[in-house]
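Every chain is numbered from 1, with letters handed out A, B, ... down the list of sequences.
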Amino acid sequence: MQRRYDERLHLMESGVNPYPCQFDVTTFSTDIIEAFRDEEQTPVSVAGRIMTIRKMGKASFFHMQDSKGRIQIYLKKDEVGDAAYSTFKLLDIGDIVGVEGYSFRTKTGEISVHALHFELLSKSLRPIPVAKEKEVEGQKVVYDAFSDKELRYRQRYVDLIVNPEVRDTFIKRSAIVTFMRGFFTGKGWLEVETPILQPIYGGAAARPFTTHHNALDMQLYLRIANELYLKRLIVGGFDGVFEFAKDFRNEGIDRFHNPEFTQVELYVAYKDYNWMMELVEELLYRTALGVNGTHTTSFLGNEISLEPPFRRLTIVDAIKDYCNIDVSGKNESELRSAAKDLGLELDPKIGAGKIIDEIFGEFVEPKLIQPTFITDYPTEMSPLAKEHRSKPGFVERFELIAGGKELCNSFSELNDPVIQRERLEAQAKLRLRGDEEAMVVDEDFLRALEYGMPPCAGLGIGIDRMVMLITGQESIRDVIFFPHLKPE
RNA sequence: GAGAAUAUAGCUCAGUCGGUAGAGCAUCUGCCUUUUAAGCAGAGGGUCGAAGGUUCGAGUCCUUCUAUUCUCACCA
């Protein structure tokens, strides 16, 4: 690396600015290749990073990588001039250069750029771990790729330079979000922004990150969800609102969980959870088709089809199907002994609804590979959902499971302020008993409901998991640019 | 939170029974005007994750620590 620092000085002394201000780019690498005709010499101006170099005496080849891909450049001393050629001879893999010239095809058939003018645009002082590649029977073989996961996550910029499939994943992530945004706004719903710093956190069951506002000398929380704020906006008269939201949960980290993650939440007035299921089917199908060109995806070793309709199953029927147990009408101690028969260890503090959920999570969820709506959860675990119109003790709620993992959560939203208060106060009692994840009573939210919220369907989709599903990545760290790691 | 594994050159990795550190690529010097894992000839590059210990001697054995990876638990 010292050598490159010396080289930077040497270049400056010989009158070459290693960091000029701009360069006029007219074309991208892939566009040159696509537009190429053997009869024509199209003038081009491209810029990018040197990824391979083959220096020969008075002529050289190198590959340059820009934001779209790579292209080979051919450089002859008697065409670019002595000065530029000797500058080139000092350059390294990783340096960023600009080339003007014309496209041509080499003896071996590769479409390339024949350089007429060449300049250094940015000197790279740190060696880049570029892997060599070779085509063997049409297959690309990569030698000694930059693969150390820790380094890849800590220095994502290097990962992105060197591993093109990483860049592709993040381009798809952006396409997924863009597609969804267009889908929602196309229906006439409003994209909004609500507070990340919240005096009372709510809308989910999780432990928060805590921070402090100096001027007000008060404790604030990073939001664990934005649900309660979006519902306030439905009270305020919007028919449909959505927000792509970073949420923060102070919990463990694994390949499905990052302390900060992205959710889109959507609330639509006058609709219920049945309507929302159809919307989710349409959304997932069209997003996959729009981004991947196909409705099938390979996720955690399974082929998954996102073609509607998705299977629908109540949580009670699901447990009946997969465990041969009918949990309906059973009281807490009957459920507890049923769970024990299945070999499930349970916390003695949890109630009937939670036991049903534990059985489901342990024995059913991992088996639901193709997208499946699980519906009608016990009321106890869903304090913000509306009581089922015909099943006492259950709420109108669904989760979408795919690949054995939860992707979405949705309900017909509870809009009776009296029942909502009872539910939240019950949560507060659980909290006093030591349940750190139980919800807190939010008086302002209850006040908003007292003014009247129309019937409403709400939805939350985990964007990171959805990107994993659609891009086939197996760790959340591979769909978040800068996943959380302990400091070096 | 528990268990297992890993940590050696810029990258990917070897390193046998405990005896002064190895390869390929990358880098440097020279030659080379259609190469593509360019080639040929030569060269440099290491606090072996950190700190202790055992030993005449530790990359190698022991202890502790740190980080990462995987699995499990937790995360409705």
Side-chain angles (χ1 to χ4, degrees), chain A residues 1-4 6-7 51-63 70-80 85 89-90 92-94 104-110 112 114 124-136 140-155 158 162 204-207 224 249-259 261 315 345 347 350-351 353-358 360-362 365 374 377-385 395 397 399 405-406 409 427 430 435-439 462 474-475 477 483 485-488:
Chain A
M1 221 166 83
Q2 185 56 46
R3 199 212 92 241
R4 292 192 181 206
D6 294 345
E7 203 164 76
M51 298 302 282
T52 67
I53 305 192
R54 290 168 295 283
K55 290 180 188 173
M56 294 171 295
K58 298 187 181 65
S60 297
F61 288 89
F62 64 93
H63 275 98
R70 285 189 189 189
I71 189 155
Q72 181 173 251
I73 312 290
Y74 175 56
L75 201 69
K76 269 203 289 191
K77 186 178 184 178
D78 46 18
E79 286 177 338
V80 297
Y85 197 77
K89 289 216 122 183
L90 288 175
D92 298 295
I93 286 173
F104 78 114
R105 190 186 290 275
T106 64
K107 258 184 196 168
T108 52
E110 180 166 350
S112 307
H114 192 124
S124 163
L125 298 183
R126 205 175 265 275
I128 285 176
V130 172
K132 295 219 167 188
E133 298 171 1
K134 185 188 184 181
E135 297 257 334
V136 178
K140 192 153 83 170
V141 182
V142 180
Y143 295 83
D144 302 332
F146 178 60
S147 58
D148 183 286
K149 283 194 177 172
E150 180 180 1
L151 282 176
R152 287 183 45 219
Y153 296 144
R154 285 197 196 280
Q155 302 185 31
V158 177
V162 172
R207 282 176 290 172
I224 58 173
R249 296 188 184 173
N250 207 338
E251 312 275 4
I253 299 172
D254 63 27
R255 65 183 175 134
F256 294 101
H257 298 86
N258 195 60
F261 64 103
I315 191 167
E345 297 268 330
D347 185 333
I350 67 177
K354 191 82 196 274
I355 295 172
I356 293 174
D357 187 58
E358 290 279 336
F360 174 79
E362 184 69 22
E365 192 175 68
I374 297 297
Y377 285 70
T379 304
E380 182 191 322
M381 341 157 14
S382 314
L384 301 171
V395 291
R397 170 180 176 184
E399 288 193 353
K405 284 283 156 191
E406 176 195 341
N409 187 16
Q427 286 283 311
L430 289 176
D435 183 348
E436 283 186 83
E437 290 176 350
M439 292 182 193
E474 303 199 342
S475 169
R477 292 187 170 124
L485 297 174
K486 287 192 195 176
E488 284 180 77

[atom1] spacing across the pair [N] / [M], given as an integer number of angstrom:
N	M	atom1	answer
B:A58	B:A26	P	36 Å
B:U60	B:G53	C1'	15 Å
B:C11	B:U54	C1'	35 Å
B:U29	B:G44	C1'	10 Å
B:G46	B:G30	C1'	27 Å
B:U6	B:C13	P	13 Å
B:G49	B:G3	P	23 Å
B:U71	B:G45	C1'	39 Å

How would you label the contact of [X] with the nucleic acid (heavy atoms, under 4.0 Å): base, sugar-phosphate, or nothing?
X	value
A:Glu406	nothing
A:Tyr74	base
A:Ala205	base
A:Phe104	base
A:Met51	nothing
A:Asp148	sugar-phosphate
A:Thr106	base
A:Tyr377	nothing
A:Arg207	nothing
A:Arg477	sugar-phosphate
A:Ser112	nothing

Could you state the [atom1]-[atom2] distance from [X] to [N], rounded to the nearest angstrom?
X	N	atom1	atom2	result
A:Lys58	B:U35	NZ	P	17 Å
A:Asp6	B:G45	CG	C1'	15 Å
A:Lys76	B:U34	NZ	P	9 Å

Opposite nucleotide pairing with B:U27, Watson-Crick or G-U, both atom distances under 3.5 Å:
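Per the H-bond distance test, B:A43.
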Across every strand shown, the nucleotide meeting Watson-Crick or G-U wobble geometry with B:U71 (both distances under 3.5 Å) is B:A2
Is it true that A:Lys354 and A:Glu380 make a salt bridge, defined as a side-chain N closer than 4.0 Å to a carboxylate O?
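No salt bridge links A:Lys354 with A:Glu380.
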Within less than 4.0 Å of OP1 or OP2 of B:A38, is there a side-chain N or O belonging to A:Arg54?
yes
Among the candidates [options], find the nucleotide nearest to the side-chain atoms of [X].
X	options	result
A:Lys149	B:U34, B:C70, B:C13	B:C70
A:Met56	B:A73, B:U35, B:U12	B:U35
A:Arg154	B:U34, B:A76, B:A67	B:A67
A:Lys486	B:U35, B:C32, B:U68	B:U68
A:Phe61	B:U35, B:A73, B:C11	B:U35

Aromatic plane relationship, A:Tyr74 with A:Phe104 - under 30° parallel, 30 to 60° tilted, over 60° perpendicular:
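Ring orientation, 0 to 90° scale: tilted.
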Quick one: does [X]'s side chain have a donor or acceptor within less than 3.5 Å of a partner on [Y]'s backbone?
X	Y	answer
A:Lys89	A:Lys58	no
A:Arg4	A:Ser124	yes
A:Arg249	A:Ile224	yes

Find which nucleotide of RNA chain B each of A:Gly109 and A:Arg255 is nearest to by heavy atoms, and output the residue with the more 5' nucleotide.
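Between the two, 5'-proximity favours A:Gly109.
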Under 3.5 Å, is there any donor-acceptor pair linking the side chain of A:Gln72 to the base of B:U35?
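Yes, a donor-acceptor pair under 3.5 Å.
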Where along nucleotides 23-29 of chain B does protein come under 4.0 Å, by heavy atom, of base (B) or sugar-phosphate alone (S), with - for untouched nucleotides?
-BSSSS-
Regarding A:Asn258 and A:Arg477, is there a side-chain donor-to-acceptor distance under 3.5 Å anywhere?
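Side chains of A:Asn258 and A:Arg477: no pair found under 3.5 Å.
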Does B:C28 fall in syn (glycosidic angle within 90° of 0) or anti?
anti
Taking side chain to side chain contact (heavy atoms under 4.5 Å, CB included) as the test, write out the residues that go with A:Glu133, two or more places apart.
A:Arg70, A:Lys140, A:Val142
